[in-house]
Amino acid sequence: MMLEAGNGTRRVRTIHDLGVLLIEDDDFTRRLISRLLHDIRLRVVFEAADGVQALDILRKNGDDVDIAICDLEMPRMGGLDLLHALRTATGNPLAELPVIVLTSHREAEVVKRAIAYGISGYLVKPVSKADLIKRLTFTLQKGQ
């Protein structure tokens with residue numbers, strides 16, 4: 001996966017090279033998944049409590065974010081609204097940002113709506129370290 005960074009092109013070879021933005025409104029769940037991501041030894045992990053905060057982090061640190069892991073149901077701006085904002089903003093350099101959806105929903109309609117926005121994967125809560133590694137590796141390989 002070749003990523004255009006503000007200071008040039010950065011090559012992502014393994015999941016340890018990844019910068020991940022974790023977007024989850026539940027503090028306990030966010031801390032748990034963040035701990036798993038740090039245990040995997042990713043390059044950097046950013047955290048946001050909702051889509052509004054995520055967009056702010058992406059505006060400031062977009063060059064360092066390779067993949068977003070995003071909950072669907074959050075206050076202020078949920079995951080589907082965030083996906084819509086990312087995918088439809090004219091001239092948005094992050095329009096193709098891989099997004100892994102994180103949710104407790106298993107309903108087909110919710111999955112279909114998320115897939116329509118071009119998600120890169122789907123994780124059902126509770127998330128295990130093995131699930132995270134598998135999904136991040138698959139997303140990384142898909143982008144190469």
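No hydrogens, no waters, no symmetry mates; every other heavy atom, side chains included, goes into these values.
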So do the side chains of [X] and [Y] get within less than 4.5 Å of each other, counting heavy atoms only?
X      : Y     : result
Leu136 : Leu37 : yes
Leu102 : Cys70 : no
Leu86  : Leu55 : yes
Leu21  : Ile57 : yes
Val101 : Leu83 : yes
Ile67  : Pro98 : yes

[X] side chain vs [Y] backbone, donor-acceptor pair below 3.5 Å:
X     : Y     : value
Arg43 : His16 : no
Asp66 : Gly19 : yes
Asp26 : Thr29 : yes
Asp17 : Arg13 : yes
His38 : Ser34 : yes

For this session: Answer yes if Phe138 and Leu123 sit in the same cluster of Ile, Leu, Val, Met, Phe, Trp and Tyr residues linked by side chain heavy atoms under 4.5 Å apart, and no otherwise.
Result: no
For this session: Verify the cluster assignment for Leu32 and Leu132: are they in a single hydrophobic cluster under the rule of side-chain heavy atoms below 4.5 Å apart?
Result: no
Testing the basics here: between [X] and [Y], what is the closest heavy-atom pair and its distance to 0.1 Å?
X     : Y     : answer
Gly51 : Ile23 : N-CG2, 4.2 Å
Arg87 : Glu96 : NH1-C, 3.9 Å
Asn92 : Ala85 : ND2-O, 4.2 Å
Met74 : Asp25 : CG-OD1, 3.5 Å
Arg30 : Ala48 : CD-O, 3.6 Å
Leu94 : Gly62 : CD2-O, 4.0 Å

Exercise. Could you go step by step and tell me if Lys125 and Glu24 meet the salt bridge (Lys or Arg N to Asp or Glu O under 4.0 Å) rule?
Worked result: CA-CA 11 Å; Lys125 299 176 194 175; Glu24 166 63 57; 3.0 Å; yes
Distance (rounded to the nearest 0.5 Å) between [X] [atom1] and [Y] [atom2]:
X      : Y      : atom1 : atom2 : result
Leu97  : Ser120 : CG    : OG    : 7.5 Å
Thr137 : Leu18  : OG1   : CG    : 8.5 Å
Ile69  : Phe46  : CD1   : CZ    : 13.5 Å
Ser128 : Ile33  : OG    : CD1   : 10.5 Å
Ile15  : Thr139 : CD1   : OG1   : 10.5 Å
Asp50  : Arg76  : CG    : CZ    : 4.0 Å

Exercise. Would Asp39 and Arg35 satisfy salt bridge (Lys or Arg N to Asp or Glu O under 4.0 Å), going step by step from the backbone distance to the final call?
Worked result: CA-CA 6 Å; Asp39 287 349; Arg35 172 68 2 228; 3.1 Å; yes
Problem set entry | Exceeds 12 heavy-atom contacts within 6.0 angstrom, atom CZ of Arg113 | no
For this session: Considering only NZ, NE, NH1 and NH2 on the basic side and carboxylate oxygens on the acidic side, decide whether Lys60 and Asp56 come within less than 4.0 Å.
Result: yes
